[in-house]
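Every chain is numbered from 1, with letters handed out A, B, ... down the list of sequences.
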Amino acid sequence: MSAHYNYSPLIKLDQQVSQENGYAISSPILFDFLNSLVKEEHHEILDILPANQGVIDAFSTFICKLYLPGCQQELCSINLDMCDTDNKLYRAFTKTLGFYKKQRALLNVIFLWDLPNYLDKQVMKGLIEYLLQHMHKNVKLHLYIHTKQQMPASPGVYSIMPEGKIWLENSSDDTVKSPLYFQEALQTLLHPFKVKRSMLLSGGLQEYILEL
Amino acid sequence: MIDMKQFKDNVSSKIKTYHEQEKPEVQENKTNVRSVQNNAMAIGASIHIKGDVTGDEDLIIQGQVEGTINLKGHNVIISKSAKVKANIEANQVIVEGELAGDMNGDEKVIIRETGNVYGNIIAPRVTLEDGAMFKGSIEMEPPQVKTAHNKNTGSISQNKENVDLKVAR
């Protein structure tokens, strides 16, 4: 039995609904994925963003465990000079993600949003390596990659909305150079994950879902 | 262990009955959600409790509590001024203040916009208002799914995704 999210594909995939504090964009891959999840199975989900009602609502009809460490900023501030060994980096992830308190997570859904654009490559690789210990073999990794030369100076705040959309809060107008990860570079960065599906969204975001 | 009735007798001068005008808005538009009634117990803002709290009535916490709170079948409200370091078991838990600890809500857990929670939640329904701070995990098992899950144990199909495998780029 699959979940139903009242997902009705939009005629224009790049349709935006703008408001002062943010805007909604269609995210078809995310909602195809959510619709495909089996209700009666147990799901363990990691969302690195500050906790919000969107992800809770999206999984409220499932038997699930949501990990909401709200650690996006902490991950971005991990200093490689301070974490110059694998062991120190491991401890930094443990402290940030809070899994030391848990017996053992078995994640099958991970939402990284646009975090990979902002993390140092070594930190990102270390994070994937760390998370591999807490993943189910059927885990799916969902994220967005900026495809324009410039991207917002800090990671976005996203929220899952009904009807196949996500809400992206407006950040400051400051921009930084985008790392411009294309598929091959992304797979190298997120090894051993492989791209399962990808789609270019409005605003220059490329949506990806990856699997082992 | 602190029994709430005994506690009420002993420190009645420091505990006030929860008045109508001070009552936080906990009435939901659901007929099956119990509202906190006038006769709920309150732990005043100047009270600091260390130990286990048990009882048979609703509880409002305005002060500080460290230990455990076990009010099965009843509601617990952690007010804006409250600082609680405790694991809580109750029917419905509403957090407006600070909580470090795990919550087990038989019916629902609500974290208001002023709430700040570090801990894990087990409840069939969880509401996180805009502005609320939460770090931890949430375990949800909707009753209707739980029933179906129990019936179908052993025959649950594997997660079959029917999304296409095309890579656009």
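For the pair E139(B) (side chain) and I63(A) (backbone), a donor-acceptor distance under 3.5 Å is absent.
Annotation: Q187(A), atom CD; neighbour count of heavy atoms from other residues, nucleotides and ligands within 6.0 Å is above 12. For E113(B), the CD atom is loosely surrounded, since the number of other residues' heavy atoms within 6.0 Å does not exceed 12.
Heavy atoms only, all atoms of each residue included: K65(A) and S137(B) are closest at CE-OG, 3.6 Å.
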Can you check side chain to side chain contact (heavy atoms under 4.5 Å, CB included) on I56(A) and M140(B), steps first, answer last? CA-CA 9 Å; I56(A) 296 172; M140(B) 294 185 289; 4.0 Å; yes
Residues Q53(A), T127(B); criterion side chain to side chain contact (heavy atoms under 4.5 Å, CB included); working and verdict: CA-CA 7 Å; Q53(A) 190 66 32; T127(B) 300; 4.1 Å; yes
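Atoms CG and CG, from N120(B) and L66(A) in turn, are 11.5 Å apart once rounded to the nearest 0.5 Å.
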